[in-house]
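Only heavy atoms go into these numbers, but all of them, side chains included; no hydrogens, no water, no symmetry mates. Per chain, numbering begins at 1; letters A, B, ... match sequence-line order.
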Amino acid sequence: MSQNLETTYNPKEIEPRLYDKWLKGKYFHPEPDLSKKPFTTVMPPPNITGRLHMGHALDNTIQDIIIRYKRMQGFDTLWVPGTDHAAISTEVKVTNALKEEGIDKKELGREKFLERTWKWKEEYAGAIEDQLKKLGVSCDWDRERFTMDEGCSKAVEEVFFHLYDKGYMYRGSRIINWCPVCKTSLSDAEVEHEDQDGHFWHIKYPIAGTEDFLEIATTRPETMLGDTAVAVHPDDERYAKYVGKKAILPLVNKEIPIIADSYVDMEFGTGAVKITPAHDPNDFEVGKRHDLEEINIMNDDATINENGGIYAGLDRYKARERIVKDLEEQGLLVKIEPHMHSVGVHDRCHTTVEPLIKQQWFVKMDEMAKPAIDAIEKGELRFVPERFTKIYLHWLYNIKDWCVSRQIWWGHRIPAYYCENCGELIVAKKTPEVCPKCGCKHFTQDEDTLDTWFSSALWPFSTLGWPVETEDLKYYYPTNVLVTGYDIIFFWVIRMVFSGYEQTGVAPFDTVVIHGLVRDELGRKMSKSLGNGVDPLDMIDQFGADALRMFLVQGNAAGNDIRFSDKGLIACRNFANKVWNASRFIIMNLDNADLNTGTDSRTADTKYEDTEPDSHISENALALEKLSDIDAWIISASNNLVREVTDNMEKFEMGIALQKIYDFIWDEFCDWYIELAKYRIYHADEDKESAAAALSTLRSVLAKALKLLHPFLPFISEAIYEKLVPKDESLMITKWPQYSEKLSFPESEDVLEHLKEIVRGIRNIRRDMNVPVGRKATVTVVSKDKALCEALRAIEVNAHALCQANAFVIVENEPENPDDLVALAVKDAVIYMPLAELVDFEQEIARLSKEEERLTKEIGRAKGMLSNEQFLNKAPADKVQAERDKLASYETMLTQIKEELDKWKKKL
RNA sequence: GGGGAUGUAGCUCAGCCGGUUAGAGCGCCUGCCUCACAUGCAGGAGGUCUGCGGUUCAAGUCCGCACAUGCCCACCA
């Protein structure tokens, strides 16, 4: 069969048009409205280093779902988009791009390099914006920001001055992480630890004036060129006699002190440690305690410098080889052991970092960490899911000062100047006129720029205008929710929180919604080197933005990783198609009805959709129409759905909320309600009012479902809604439905359940007895339940399609010739089908026996529970009663089954 | 070394406050081109909820231990 295009939803035609419509309607753009409550979120700014990946798609989908939901709830919603300059990453990219053109960065010079990088920024920020638009995000593009734009730069400066004045920003010579490839310092957070196979070299250090040696063990023999002591534990009796003496540093032939320090672990290695204060953070601390000399033996590219004597000029690893060889030749190498150890690498380029002593700018963290810690206890900040609170607190409790200066060009330049004459440091907005110390008029600005996270830390308020007290800042700040991945809690979330408290006195948001990573089909991280990345735009192109969005949130609990699969994506696309077709059916029939009655049913209000307290809904309105039990059921079910979805949205359980909508639309609405309503619609001439009630219900319930669906699948829901309710407005600004007691009809739900079981029962009898599909049978249902009988009429009129019946009879009394009939008890009803029209006895006996077994088992279980004194005494009354009811109904059914079985066995 | 996560159908995953017969999608099997949809419809098979112990009238759910697999943090040379 060839595909009929009209019957398949085609997102490509619809999505761009609707996004334009939204933009033109300015629906994403709010102005502070004091009559409303604000709801604000800021977008984690994507780096301008390249295209968006699945992680961005996930992050922004979640934000869009939240923001669309809140917008429909009537909040004045603001979502601020933007991009991040991504200092080191971008500098590396641009440098490489230049290199390919044969241009050397250094030769090009700072100014020209920055010009070039700004061009890069324009290009990539634009591409990112386009990509986000394809995803359907409803952020306010009029307020789009960039971490290096004028306002954000102003904020950065302001914060720098503030911290400097307070003494929280200081310049100091300390041991820092150095990337020899990027040639810049790094913060601790930018260093990743990797376990590597290494070696443990045992080396003899002769003790001056004796024949003795101290045997030390090291993983980095090349650093011995910078050794300024050997340390042992103060309680170590093996070495006590040497403490205070001198060791002779091999190769260098220099005397260094033997000191005692409790940092040394007696159990580990030989218990004697070489101390290299300039190239190891621990040794640095030991050095400070013992006032040791710090000898830097490395250049910025990790080659050995002039302090390394004959090894000068060698790369650190080359030097290691030579040193080991030389030690061996001198008989000072005792042994080499294999040793696993953890090595710090730069998270951007994976180069092994080198601890070096450098003059850098630091932010003092201990005081600023305090309010960020208290925020949790005071309830001013919470994580969803909650378990991430621990990670957050753990980092804060162990926080160290933040090295914020970077030796690169792309970034916010540090506003510090040095007097060219006396070196006096002046922190100021502009180049100072005169040195207050020496009167000199010549200054040099600090060459360094700030860590990229320094500006992102201010993002929630810098984007709203801070430090200027703008209307936006007053109204929209503090923001409400922040959505981000767990991998960036340290880098970003924590720094925003303490910056928010320090600069604005409040937490920058109250809720942090954490999501996981998108992995590939095999559970691996998506990465460039593996080549397993999936481009979200490709997926949107193939399946539509709605399908991608749906895939990213469905069936996933908050904070858990997601495994990408195109099969999952196809299932989501199929759902979109299902919604499309159900809607097509409804709209088509509404149109037909209009033709028949001469009215336009679509412009009428959707009666059961808008359930605001003062709306037109009333008992009266319901009574006026010929609503059947089935209509009442779907209205009631959709009403319950509203409550469930809203509850889950409030908890940020978006996966569950979507699942409920999915189940409702597909299983309840399409598979049952629409099927049951068909006959009434097709036979409108027989009963106009009934058809009208069905159509009205279809339209109302669909409209409600579309609203609930909209935050998740904004395009298709809007596309259908504009056809269903052709008013000049957008679904995205309609009211979020509310649960209403008036639309709750629990009895109808029971009736429906019963009815479903009857239909399934009939289908099952047919199947078990191998009745050919073409063969119709007469079905008789016996029941004294009035409501059920009424509801059964829906089947009666449509029995041919629903259960292949050529006749469907509902009666109160048992049939006179039960022996000639197959019977199936379903609660208070019994289904009879004539034996002559069916066939297989054995199948029927098998079916009944299976049922008998099941019921017997259930009765046993229920009886067990009910004979348990403890259960009767301790369980809540309704649970006990529920169990009694179950037992009674099982027993009735079992009796009937047994009679049936006897009957069939006799026939055999 | 510390912290946390995960373990449920063949696969990928849901499962709220402990309480009907543990669910979905995909895959598989059977039958259907039924006038919204074959991106569909009606059915079916498939589960010792990792294991052990505990709390409870009642445990996939809460607690403890064990095992397995990811992850994050950490200065052991």
(message) For a stem of at least 3 consecutive Watson-Crick or G-U pairs with distances under 3.5 Å, i pairing with j, i+1 with j-1 and so on, which stems involve RNA chain B?
(response)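 Paired runs of 3+ in RNA chain B: B:1-3 with B:71-73, B:5-7 with B:67-69, B:10-13 with B:23-26, B:28-32 with B:40-44, B:50-54 with B:62-66.
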(request) May I ask you to check whether A:E853 and A:T856 show a side-chain donor-acceptor distance below 3.5 Å? (result) no
(message) For the residue pair A:N648 / A:Q659, report whether a side-chain donor-acceptor contact shorter than 3.5 Å exists.
(response)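 A:N648 and A:Q659 do not have a side-chain donor-acceptor pair below 3.5 Å.
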(message) Can you list everything that forms a salt bridge (charged side-chain N to carboxylate O under 4.0 Å, His left out) with A:D541? Sequence neighbours excluded, please.
(response)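 Listed in chain order: A:K12.
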(request) Report the C-alpha separation of A:V493 and A:F388 in whole Å, then their side-chain angles, then the decisive distance to 0.1 Å, and conclude whether the side-chain contact (heavy atoms from CB on, under 4.5 Å) test is met. (result) CA-CA 11 Å; A:V493 178; A:F388 291 102; over 6 Å; no
Short side-chain N/O contact from [X] to OP1 or OP2 of [N], under 4.0 Å:
{"X": "A:Y682", "N": "B:rA36", "result": "yes"}
{"X": "A:H339", "N": "B:rA77", "result": "yes"}
{"X": "A:W672", "N": "B:rC41", "result": "no"}
{"X": "A:R763", "N": "B:rG43", "result": "yes"}
{"X": "A:K400", "N": "B:rC75", "result": "yes"}

(request) Please answer whether the main-chain N or O of A:M266 pairs with a side-chain N or O of A:R238 as donor and acceptor at a distance below 3.5 Å. (result)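 Checking the backbone N and O of A:M266 against the side chain of A:R238, a donor-acceptor pair under 3.5 Å is found.
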(request) Look at the side chain of A:N581 and the backbone N and O of A:T7, then say whether any donor-acceptor pair between them is shorter than 3.5 Å. (result) yes
(request) Could I get the full list of ring pair (Phe, Tyr, Trp, His ring centres under 6.0 Å) partners for A:W672, not counting sequence neighbours? (result)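 Counting only residues at least two positions away or on another chain, A:W672 forms no ring pair (Phe, Tyr, Trp, His ring centres under 6.0 Å).
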(request) Could you check A:N398 against A:D265 and say which one's nearest nucleotide on RNA chain B is further toward the 5' end? (result)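 Going by which nucleotide is closer to the 5' end, it is A:N398.
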(request) Within residues 268-280 of chain A, find the residues that approach RNA chain B with a heavy atom at under 4.0 Å, and present them sorted by residue number. (result)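 Contacts with RNA chain B under 4.0 Å: A:F268, A:G271, A:V273.
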(message) Quick check on contacts: within residues 566-575 of chain A, what sits under 4.0 Å from RNA chain B by heavy-atom distance?
(response)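 A:K567, A:A571, A:R573, A:N574 - these, ordered by number, are the residues of the stretch whose heavy atoms sit under 4.0 Å from the strand.
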(message) Parallel, tilted or perpendicular, judged at 30° and 60°: which one describes the rings of A:H202 and A:F200?
(response)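 The rings of A:H202 and A:F200 stand perpendicular, inter-plane angle above 60°.
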(request) Please measure how far the P atom in B:rC29 lies from the corresponding atom in B:rG46, and state the result in whole Å. (result) 16 Å
(request) Would you check if A:E285 and A:Y263 make a side-chain contact, meaning some heavy-atom pair closer than 4.5 Å? (result)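 SC-SC contact between A:E285 and A:Y263 ruled out.
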Sort me out a list of protein N/O and nucleotides 13-20 of chain B N/O pairs below 3.5 Å, or just none if empty.
residue, atom, partner, partner atom, Å
B:rC13, OP1, A:R563, NE, 3.2
B:rC13, O2', A:G555, O, 2.5
B:rA14, OP1, A:N560, ND2, 2.9
B:rG19, O2', A:K879, NZ, 3.0

Using a cut-off of 4.0 Å on non-hydrogen atoms, how would the nucleic acid contact of [X] be classed: base, sugar-phosphate, or nothing?
{"X": "A:R854", "value": "base"}
{"X": "A:Y662", "value": "sugar-phosphate"}
{"X": "A:W201", "value": "nothing"}

